[in-house]
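One structure is given below, encoded as structure tokens.
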Amino acid sequence: MSLLERVAIGTVLTALALLVILGREAAMIAVLVGGGILLLTWYAVRRPLASLTAAARAIADGNAPIYPESRIAEIDGLVQALRQMARRLAERLGELDRARAGSAAIIDAMDEGVIATDARGRVTTVNRAARDLLEYAEHETLPELRTLFRVKAAREAVDEVLGGSDIDDRELVLDDRIIALHARPLAGGGAVVVLHDLTEVRRLEAVRRDFIANVSHELKTPLTSISGYAETLLAGDLDEGTRQRFLGTIISNSRRMQQLTDDLLDLSRIESGRWVPRPARIALTDAAGEAWRLFADAAEGRKVKFSIDVAAGAEHLTADPDALRQILTNLFDNAMRYVPDGGRITVTGRPAGAMVEIAVTDDGVGIPAEHLPRIFERFYRVDPSRSREAGGTGLGLSIVRHMVESHGGEVGAESTPRIGTTIRFTLPGSDADLQ
Ligand code: ADP
């Protein structure tokens, strides 16, 4: 029953009562006055009540409410209560929004890919890492979870989790990536899938395995030789010439092991980040001449010619002097190993933007094209037995690459078999900061 109906019924009942008590005329006057007062009261209450209803609806719809001004204490009390309720609601919603934005930011910043779905498998949440892994652009819509993966093993895992089973650490190969998949069914239906990219971890594990195998192999050969010759020497009864020969072999093998451990220590120092270059201004011609001194006698004996040719603008560079000496020594060492007697080794320098490009060229045996991209890898050798015989460790160019890169430079190689080889590298020029 509306307020108006209540007022009308009240008025009629009052009129009847007054008619019985006061008589007809007095009752008429009382009814008219009373009815007028009731009608005025009704008009005063009806508008603010309607506004109050509209304000409550606006709050429910999330819009800004307009509150009535009634000057009626009861209605004003109601308005105050509504205002307070709207304020609390806004605060709560704000808190919820902030919490939701915080969770979304955390999920998006995760290294693991996260995908959440509803009960039908439709994707409701997907973070940046999952998009990257599955190669979906930022605003691209993902298909349903069941059709998201092209790989059968992944689709089976999805069926299992949407069927209510947990999945832990299932390793999958998606294209060229190795992924660990974890998934949990959600209480209200749907699932959360977490993808962990293991590609780099597996690659590093393989690198470590190869490295250990290589080091063991490199150490085993000279060690076997040393212990074999030492045992024969111990057994005695050898003529002096043979004894001297055996001792010579033992010494050269221990030197090889020494060289290998020195190179390994250098490499681990650079790779661990414990070594940082201490740049100084260096005159290229002087540095190359000094590094060559180690080889000058051997070169003279083999009639190997050496020259330095530095272009204008490349006279000076900014690099760690010890590192530059080691880079040049490793490159000269290789060049000397592979040039024939009477060959030629040249150092050239030329400016390359803010850097100086230095090249060591020889006219030696050269490197076949298929090996060229790999010669800067640890232990990579074109001809392993020749390199070992010549005292190489397979680590020289790897050390060069690391040292150059830690100066912000780059290495490269060009070679033609039987014509010769050029190893190039860049280092900061004379204008670089001395830090
Ligand atoms: P190594 O100690 O065996 O010289 P490096 O890392 O210095 O190891 O070089 C890797 C391989 O690259 C060598 O084994 C060799 O096969 C090839 N190489 C490097 N420099 C030259 C060069 N100047 N001429 C021909 N081959 C080279």
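One-based numbering along the sequence shown. Ligands are counted one by one from 1 in listed order, and the atoms in each one are counted from 1 as well.
- Contacts between Thr421 and ligand 1 below 4.0 angstrom, taking non-hydrogen atoms only, involve the side chain exclusively.
- Within the 3.5 Å criterion, the main-chain N or O of Leu238 finds no donor-acceptor partner in the side chain of Thr242.
- Here's the thing with Ile423: none of its N/O atoms is less than 3.5 angstrom from an N/O atom of ligand 1.
- Tyr338 CD1, 3.6 Å is the protein heavy atom nearest to atom 22 (C) of ligand 1.
- Between the side chains of Thr393 and Asp263, at least one donor N or O lies within less than 3.5 Å of an accepting N or O.
- Ranking the protein heavy atoms by distance from atom 3 (O) of ligand 1 puts Ser387 OG, 2.6 Å first.
- Heavy-atom proximity to Arg381, at under 4.0 Å, picks out these atoms of ligand 1: 3 (O), 14 (O).
- Asp309 and Thr348 form no side-chain donor-acceptor contact under 3.5 Å, judged by distance and modelled atom types alone.
- With hydrogens left out, the protein atom closest to atom 16 (O) of ligand 1 is Val382 N, 3.0 Å, a heavy atom.
- Sorted by first and then second residue, the salt bridge (charged side-chain N to carboxylate O under 4.0 Å, His left out) pairs with a member in residues 175-202 read Arg150-Asp175, Asp166-Arg184, Asp168-Arg184, Glu171-Arg202, Arg177-Asp197, Glu200-Arg203, Arg202-Glu205; sequence neighbours excluded.
- The closest approach between any non-hydrogen atom of Gly394 and ligand 1 is below 4.0 Å.
- Atom 6 (O) of ligand 1 has as its closest protein heavy atom Leu397 N, 2.8 Å.
- Close contacts of ligand 1 with Thr393, meaning ligand atoms under 4.0 Å from a residue heavy atom, involve 2 (O).
- In this structure, Arg378 forms a cation-pi arrangement with Phe211, its terminal cationic atom sitting closer than 6.0 Å to the ring centre and no more than 45° off the ring axis.
- For atom 26 (N) of ligand 1, the choice among Val360, Ile367, Asp333 with the nearest heavy atom turns out to be Ile367.
- No side-chain donor-acceptor contact under 3.5 Å links Glu112 and Asn127.
- Counting protein heavy atoms only, atom 7 (O) of ligand 1 is closest to Asn334 ND2, 2.8 Å.
- Of all protein heavy atoms, the one closest to atom 12 (O) of ligand 1 is Ile375 CG2, 3.6 Å.
- Aromatic pair Phe306/Phe295: centroids not less than 6.0 angstrom apart.
- The nearest heavy-atom contact from the protein to atom 11 (C) of ligand 1 is Tyr380 O, 3.5 Å.
- For the salt bridge (Lys or Arg N to Asp or Glu O under 4.0 Å) test, residues two or more places apart in sequence or in another chain that qualify with Glu240 are Arg243.
- Counting heavy atoms under 4.0 Å from ligand 1, residue Arg337 touches it through the side chain alone.
- Atom 23 (N) of ligand 1 has Asp362 OD2, 2.8 Å as its closest protein atom, hydrogens excluded (heavy atom only).
- Ser430 and Arg281 share no donor-acceptor pair across their side chains, judged by distance under 3.5 Å alone.
- Side-chain contact, Gln326 with Asp322: no donor N or O sits under 3.5 Å from an acceptor N or O.
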